[in-house]
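Down below is the structure, laid out as C-alpha cells.
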Amino acid sequence: MNVNGAALSAIFLNLSKVYNDTFKEVTTSYQKIAMTVPSSGKYVDYRWLANFPKMERWVAKKVIKKLVEYQYTIVNEKFAATVEVDRDDIEDDQLGIYKPQAESAAWSAKQLPDELVYEAFNKAFTTKCYDGKPFISADHPIGAKTSFSNKGNKKLSIESLAKAQASFGAARTAMMSIKDDQDRPLNVKPNLLVVPVALGDIARALMTVNQLEDGKPNPYKGVCEVLEEARLTDDNAWFLMDTTKPIKPFIYQERKKPTFVQMTNPDSPNVFMEGVFYFGAEARAAAGYGHPHLIWGSTGTVA
C-alpha cells in the first residue's frame, strides 16, 4: 500500500470508527456514586459544598447562606493512551493488528471516570474533603458547635441479628440521624451498599435472605441496592451511601472528554526519523469528594 494522504486518512478514519464504536459499548459504574461536574479551567473551587441550603419560613427578611471559609479545589490532570503505528505495517497491509489496540484504547478511555473515582474512594479514610477532615472521619464539623461521624469499624455481618444491627444497622441509623446546624434532619436515605469482591456474597445475602444465619428474621432485606466493585482494594472495608440527592458522595470533574486523536502527517519528523504514526485517546479530568454525610465507611476490622 502506498503511504499517501488519502491512504492515511482512510486508515485512521477506520481506526477512529473502531474506537468510537467500542467506546459506546463499554459500561461504567461511577455514575451510581459520583456526580459529573463540568470544568472550564485548570481547577474547580468547591467551597459551596459547605452550604446546606434549605427552604426557610420567610417572615421578614430572607435567610442568606454565606460561604463558609473552607478551601477545597480539585485540579484537573491530563491522561492519554497512545498507540504507535509502524509505516512498514501500512506498506505491508498489516493493519489488522491495530484494531484490538484501538478497541483497548477506547476501553481504557471510557473507564477513566471509574478509575479516578475509585482511586479517590480507596483513599477516603485518609484524604481530606472540603471541611479539612478525611472524607470518612469521626468528627466532621456541623457549624461551630457540633459534629458528626461517618466512620465505623464493624465487620459487615449476617451471622446474627445482633451483628447485622451492629454493622449495617448502626451505619444506617447514624446516617439517617444526621442533622444540620439548625438541628433539622438532613433527610439522608441510604440506598446503596458498596463492597469489595470479598464481601459481595455477604452484602447480597444481607439484602436478599429472609433469615440471618442465627435463624432470626432479616430486617434489612431489600433495604439497599448492592454495588460490588473490583477496584476497591481493602477486602474488609464496606460503605453505605445515599445517592438520591442532587449532590453525590463523589465528584467526577470533566475538563475534556476522552477523545480520539491522531498524528498522521507524513512529513512529520517522527515519520522521517522513526517511520511511525500515532493514534489514541486524550482526556483531562479529576475526581474528589462531595458531601461526607452521604456516605458511611467502615474499616471492617472489629467483629
>> Please report the interatomic distance OG1(T299) to CH2(W238), rounded to the nearest 0.5 Å.
In response: 10.0 Å
> Shortest non-hydrogen contact from L112 to A283?
Replying inline: CD2-CB, 3.7 Å
> Does a donor on one side chain sit under 3.5 Å from an acceptor on the other, for S108 and Q111?
Replying inline: no
> Is the shortest distance from a Lys or Arg side-chain nitrogen in E282 or K78 to a carboxylate oxygen in the other one below 4.0 Å?
Replying inline: no
>> I need the single residue from K42, Q253, R255, R284 that forms a side-chain hydrogen bond (donor to acceptor under 3.5 Å, both in side chains) with N76. Which is it?
In response: Q253
> If only atom types and distance count, is the side chain of H291 paired as donor or acceptor with the main-chain N or O of L49 below 3.5 Å?
Replying inline: yes
>> Please check this pair: side chain of Y72 against backbone of Y289, looking for a donor-acceptor N/O pair closer than 3.5 Å.
In response: yes
> K17 and side-chain hydrogen bond (donor to acceptor under 3.5 Å, both in side chains): which partner among N14, N20, D21?
Replying inline: D21
> Taking all atoms of both residues into account, what is the closest heavy-atom pair of E229 and R231, and its distance?
Replying inline: OE2-N, 2.9 Å
> Within a reach of under 6.0 Å around NZ of K189, are more than 12 heavy atoms found that belong to other residues, nucleotides or ligands?
Replying inline: no
>> Out of the candidates F279, F260, F12, only one should pair with Y19 under the ring-ring contact (aromatic ring centres under 6.0 Å, His included) rule; please name it.
In response: F260
> In chain order, what residues pass the side chain to side chain donor-acceptor pair (under 3.5 Å) check against K245, with sequence neighbours excluded?
Replying inline: D242
>> By the definition ring-ring contact (aromatic ring centres under 6.0 Å, His included), identify the one residue from Y30, F135, Y118 that meets it with F250.
In response: F135
>> Under a 3.5 Å cutoff, is there a donor and acceptor pairing between the side chains of T301 and N236?
In response: no
> Are any side-chain N or O atoms of D214 and backbone N or O atoms of L161, one a donor and one an acceptor, separated by less than 3.5 Å?
Replying inline: yes
>> Quick check against the 3.5 Å criterion: does S137 have a side-chain atom that pairs as donor or acceptor with the backbone of K133?
In response: no
> If you look at every heavy atom in D181 and I142, which pair is closest and at what distance?
Replying inline: N-CG2, 3.4 Å
> Salt bridge check: are E25 and K110 linked by an N-O gap of less than 4.0 Å?
Replying inline: no
> Can you check whether N150 reaches H140 side chain to side chain, under 4.5 Å on heavy atoms?
Replying inline: yes
>> Is the shortest side-chain heavy-atom distance between Y98 and V18 below 4.5 Å?
In response: no
> Do V195 and L227 touch side chain to side chain, with heavy atoms closer than 4.5 Å?
Replying inline: no
>> For the backbone of T173 and the side chain of S177, can you confirm whether one donor and one acceptor N or O come within less than 3.5 Å of each other?
In response: yes
> Does anything in residues 215-224 pair up under side-chain hydrogen bond (donor to acceptor under 3.5 Å, both in side chains), and if so which pairs, sequence neighbours excluded?
Replying inline: N210-K221
>> Checking the side chain of N153 only, and the main-chain atoms of G300 only, is there a donor and an acceptor separated by less than 3.5 Å?
In response: no
